[in-house]
Amino acid sequence: MADALDLVIRNAEVATASDTFFCDIGIRGGRIALLGDGLPAGRREIDAAGRTVTPGGVDAHCHLDQAMEGPAKMADDFLTGTRSAACGGTTTIIPFAAQIKGQSLEAAVVDYHGRAEGKACIDYAFHLIVSDPTPQVLAKELPALIAQGYTSFKVYMTYDDLKLDDAQVLDVLDVARTHGALCMVHAENADCIEWLTKRLEAAGRTAPRWHAHARPMLVEREATHRAIALSELVDVPILIVHVSGREAIEQIRWARSHGLSIFAETCPQYLFLTAEDLGIDDSYHGARCICSPPPRDKANQEFIWNGLGDGLFTVFSSDHAPFRYEDPQGKKIGGKEVPFRYIPNGIPGLETRLPLLYSEGVLAGRITLQKFVELTATNPARAYGLHPRKGTIAVGSDADLVVWDEREVTVDNAALHHAVDYTPYEGMKLKAWPGLTLSRGEVVWDGKAFTGHAGRGRFLPCGTPSLLPRRP
Ligand code: DUC
Ligand code: ZN
Ligand code: ZN
């Protein structure tokens with residue numbers, strides 16, 4: 001007879017990306033061992049009657065402890081970041097191992113493993129950021145790293161310390177095609193941003209709100225169009241990250257209507273923030289919401305909602321990039337209110353990603369529960385080669401689960417678990433929050449407190465991304 005179950009979650013309304021069904025979930029050795037009615041007693045039992053259970057979230061785009069140029073420093077390391085993720089229902093993250101120009105990619109990977117080990121509280125994989133595609137990186141390091149389970153990488157079309165020119169992007173895409181990796185693209189036109197920034201500065205327009213004027217939709221639209229063309233030229237799928245609104249969406253729809261494999265991600269900031277959150281006057285407060293691309297307007301939020309519902313978007317990620325507001329290494333870099341050019345880009349969102357979408361998407365009737373699971377767990381796990389171990393509720397999968405509490409919750413930074421001194425969503429009234437988060441069968445969030453511990457998270461080598469065509 002099989003060993004006794006470690007844990008049985010009874011009477012759950014289980015939601016996957018395809019179905020909803022009522023059953024008990026039997027967990028043994030950190031994995032889902034049985035799904036069925038009337039399971040035998042476990043060593044521990046949880047009654048989930050009347051509550052929905054979804055797969056633990058997979059946040060496929062977040063930045064933790066990422067090395068920065070200059071004095072800026074991310075507020076969250078792998079301990080505070082993964083703790084915060086767990087308390088918001090996320091059980092797997094895919095942050096970045098970022099290459100610094102002049103550094104080998106392999107050295108970057110070793111460095112980021114050092115940052116994560118002993119700290120991560122939930123499981124993690126790594127995307128690579130390729131900022132210096134030297135012949136050695138292209139011919140040797142990238143192929144070797146792909147074979148070792150680093151099967152996705154991000155390229156930037158903007159940011160001086162990270163950006164690649166078109167020929168370099170083509171070189172990286174070529175490696176992705178030959179060796180079976182998925183390339184994520186940050187699509188904004190760097191030259192247009194610099195040109196606009198200089199003109200704004202010359203006119204004395206340097207308050208945080210002008211950040212949005214330096215990065216209008218046009219610069220995202222143009223770069224999205226160019227990224228699509230580069231992908232077509234190499235004949236390899238790409239995934240365009242943090243799409244902010246209509247004009248980029250139109251480019252992606254056009255590409256798809258022409259049979260191109262272009263995939264897309266969006267993030268909570270494009271559903272719940274607008275450019276007005278960067279300021280309607282010259283106050284510095286809006287520095288909190290500076291991220292790139294910037295949030296747009298209400299009309300664009302509707303385009304994003306539609307894209308989530310109709311399959312335009314494959315994944316919904318946080319793009320958590322944590323900087324404290326009152327901090328000389330954060331938004332007040334050097335201890336001062338600085339022109340927008342110097343304000344570190346990024347907002348926190350690991351902990352709020354799932355509750356925001358569950359509440360305002362599922363419970364507000366904008367997307368189905370199945371779509372929620374698909375966007376936040378199943379698709380990111382598939383897209384980056386972690387499925388079926390992660391991202392679903394099935395026999396054999398890791399017992400990464402969220403038991404939802406449908407109750408009114410007011411977002412309050414003091415109740416969050418990151419190391420950032422604000423949340424852009426402060427005061428929002430939500431209709432739900434995770435009541436329990438389980439990571440490999442262990443309760444890591446009990447609805448009141450973090451119950452995991454540093455170092456329990458494991459590194460996950462990634463398999464072949466599902467979005468790639470099968471090649472002989
Ligand atoms: N934009 C990014 O591309 N990455 C992190 C934060 C941001 O705003
Ligand atoms: Zn980006
Ligand atoms: Zn990012």
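We count ligands from 1, going down the list as the structure has it; atoms in each ligand are counted the same way. Values reported hereafter were calculated over all heavy atoms of this structure, with side chains retained and with hydrogens, waters and symmetry mates removed.
A donor atom on one side chain and an acceptor atom on the other are found under 3.5 Å apart for His320 and Asp76. With hydrogens and angles left out, the side-chain atoms of Arg215 and Ser292 include a donor and acceptor closer than 3.5 Å. A donor and an acceptor atom, one from each side chain of Asp59 and Ser318, are located under 3.5 Å apart. His417 and Glu351 form a side-chain donor-acceptor contact under 3.5 Å, judged by distance and modelled atom types alone. If you check the side chains of His242 and Ser317, you find no donor sitting under 3.5 Å from an acceptor.
Protein N/O/S atoms closer to the Zn ion (ligand 3) than 2.8 Å number 3 in this structure.
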His63/Phe96 under ring-ring contact (aromatic ring centres under 6.0 Å, His included): CA gap, chis, key distance, verdict: CA-CA 6 Å; His63 304 263; Phe96 297 88; 4.7 Å; yes
Start with the C-alpha gap between Phe316 and Tyr358, add the side-chain angles, then the distance that decides, and say whether ring-ring contact (aromatic ring centres under 6.0 Å, His included) holds. CA-CA 12 Å; Phe316 184 74; Tyr358 192 92; over 10 Å; no
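Side-chain N or O atoms of Glu141 include one that pairs as donor or acceptor with a backbone N or O of Leu105 at under 3.5 Å. Arg324 contributes no side-chain N or O that, together with a main-chain N or O of Gln329, makes up a donor-acceptor pair within less than 3.5 Å.
Around ligand 1 you find His63, Lys154, Tyr156, Tyr159, His186, His242, Cys291, Ser292, Asp319, Ala321, Asn345, Gly346, each with a heavy-atom distance below 4.0 Å.
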